[in-house]
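Following: one structure in structure tokens, then a few remarks.
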2 protein chains.
Amino acid sequence: MPRPEPTPPSPYPMPFTRVETVTLSLMEARLRVLLVRRAAAPFAETWALPGGVLRIDRDASLEAAARRVLRERLAVDAGDLQQMETVGGAQRDPRAPWTLSVVYRALVPAGSLVPVPGKRVREVAWFDVDHELPSRPLAFDHGPLIARAVARLRADVARLELPLGALAPTFTLGELQAWCEQLLGRNLDKSSFRRRLAERDLVEALPGERREGPFRPAQVYRAREATPHD
Amino acid sequence: MPRPEPTPPSPYPMPFTRVETVTLSLMEARLRVLLVRRAAAPFAETWALPGGVLRIDRDASLEAAARRVLRERLAVDAGDLQQMETVGGAQRDPRAPWTLSVVYRALVPAGSLVPVPGKRVREVAWFDVDHELPSRPLAFDHGPLIARAVARLRADVARLELPLGALAPTFTLGELQAWCEQLLGRNLDKSSFRRRLAERDLVEALPGERREGPFRPAQVYRAREATPHD
DNA sequence: TAGGTTAGTTGCAAAGTAACACTAAGTGCG
DNA sequence: CGCACTTAGTGTTACTTTGCAACTAACCTA
């Protein structure tokens with residue numbers, strides 16, 4: 001076994017490293033992003049993405065860091081968590097000479113989060129990504145980060161790479177379609193939606209079971225486990 | 001103008017931050033990746049991606065850091081440079097307690113690079129991503145990083161989001177198709193390739209000009225400038 | 001029993017794609 | 001001169017995917 005060298009890792013200063021989260025959810029049938037209003041400079045009083053400093057003493061990985069930030073700052077478990085992009089440079093944040101932010105997109109189940117202000121945060125609120133955000137100036141480079149995260153989520157959903165982690169454990173196909181439609185912000189065709197679902201094997205029927213409405217009951221499904229198809 | 005605070009940025013230790021490059025090129029009609037053979041532990045004698053430490057005193061941005069690494073270590077200008085993903089964690093590299101690597105994919109024009117060994121590198125070589133790589137063990141987590149970068153490149157090319165920066169300044173449609181075919185590792189249909197090219201407006205004919213073979217001359221094209229289509 | 005609502009399927013037309021054949025334009029050779 | 005060969009570029013046709021809409025099924029209520 002090669003003995004790890006005790007060499008000091010590097011004489012170079014390292015960037016101020018953070019994790020930012022684009023936290024999305026469906027509320028009242030609209031896709032919304034959670035923002036916090038900053039209490040301190042820079043960008044005091046401006047809305048920003050919730051984020052936090054990477055804690056190498058506590059976070060085992062980048063994804064773990066993103067989960068910790070969501071848990072600590074927002075008290076929410078990210079159902080689906082995807083890394084988006086990493087931005088870094090000398091001029092991003094006046095608090096440090098060089099900052100690096102790894103951006104994660106979190107999709108959380110509807111109603112899993114009651115926004116409460118915390119440290120360094122005046123206010124927490126959800127914003128409709130299509131109707132409320134475009135006009136609003138955001139702190140740092142957070143505006144384009146959100147736009148790209150939303151675009152990528154919608155591209156994923158459009159080709160049925162669904163963030164199933166943020167979905168209820170069981171669901172009917174009608175519910176699944178409505179959920180996709182709300183994420184996309186447009187309607188889908190029922191028959192081709194079902195056809196495309198069947199081609200991939202994303203979901204499986206829970207045999208025998210069904211669920212109530214005042215109308216015809218529907219088959220209940222659940223997400224199939226990640227199938228390494230080969 | 002809000003005065004930047006002189007606050008010390010953070011009491012937290014920051015991760016050992018690097019940039020790794022998945023440097024790809026077409027050589028002898030095959031997609032190849034440039035690897036270096038490590039001279040020192042850990043993973044001495046093992047092939048690895050070329051990379052370097054982020055130098056916040058010299059790099060204005062992450063992309064600039066990737067360009068510097070390519071220039072200093074490989075003496076090559078990246079025609080097309082795309083950020084792939086960022087990996088980080090406590091157990092990645094025994095040289096530091098916590099390392100973070102931002103991975104870039106570079107596609108360089110064929111023959112723009114003569115591989116020369118340098119510091120901490122025994123050997124430099126190109127490997128066919130389809131035939132030589134899968135069997136070969138690589139240092140760190142570099143194997144999956146390459147696989148994902150290649151898959152993403154091919155997905156991009158398949159839907160004609162072409163890394164035009166790595167292309168010759170002018171070309172014929174036949175050359176462009178052959179280039180895509182070599183990147184993808186499979187053949188494309190001529191007529192639908194041209195039809196799909198025409199729908200997007202990726203290329204434009206250089207009017208009047210044409211170029212020689214021993215056969216019928218072809219129209220010369222060039223890449224259209226990034227058109228913000230709205 | 002009729003009517004309303006959602007679940008689920010079927011048929012068809014429109015659009016997009018792949019396979020292949022065809023014409024066009026140049027070179028070289030008999 | 002004209003034919004064979006090669007690459008450039010276009011049409012034609014068949015197939016696959018998608019969107020639209022109609023239809024049946026199941027359940028409730030009145």
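Please read these numbers as outputs of a predicted model, since none were measured by experiment. Below, chain A is the first sequence line, B the second, and so on; all start at residue 1.
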Any salt bridge between A/Glu132 and A/Arg136, counting N to O under 4.0 Å?
-> no
Any ion pair linking A/Glu45 and A/Arg38 (charged N to carboxylate O, less than 4.0 Å)?
-> no
Does any donor-acceptor pair link the side chain of B/Arg216 with the base of C/dA25 at a separation under 3.5 Å?
-> no
A/Arg210 CZ to D/dA26 C1': how many Å, rounded?
-> 9 Å
Between the protein and nucleotides 16-18 of chain C, which nitrogen or oxygen pairs are less than 3.5 angstrom apart?
| unit_1 | atom_1 | unit_2 | atom_2 | d |
| --- | --- | --- | --- | --- |
| C/dA18 | OP2 | B/Ser192 | OG | 3.3 |

N-O pairing of A/Glu161 and A/Arg159 below 4.0 Å | yes
A/Phe215 side-chain proximity, nearest of D/dT10, C/dT6, C/dA7 | C/dT6
A/Asp130 with A/Arg154: basic N within carboxylate O range, under 4.0 Å | yes
Looking only at side-chain atoms of A/Lys190, point me to the closest of D/dA8, C/dG8, D/dC27.
-> C/dG8
Interatomic distance, B/Arg194 CZ vs D/dT10 C1' [rounded to whole Å] = 9 Å
State whether A/Arg222 and A/Glu204 are salt-bridged, where the test is any N-O pair (Lys NZ or Arg NE/NH1/NH2 against Asp/Glu carboxylate O) under 4.0 Å.
-> yes
A/Arg105/A/Asp156 ion pair, N-O < 4.0 Å | yes
B/Tyr221 vs A/Pro217, nearer the 5' end of DNA chain D by closest nucleotide | B/Tyr221
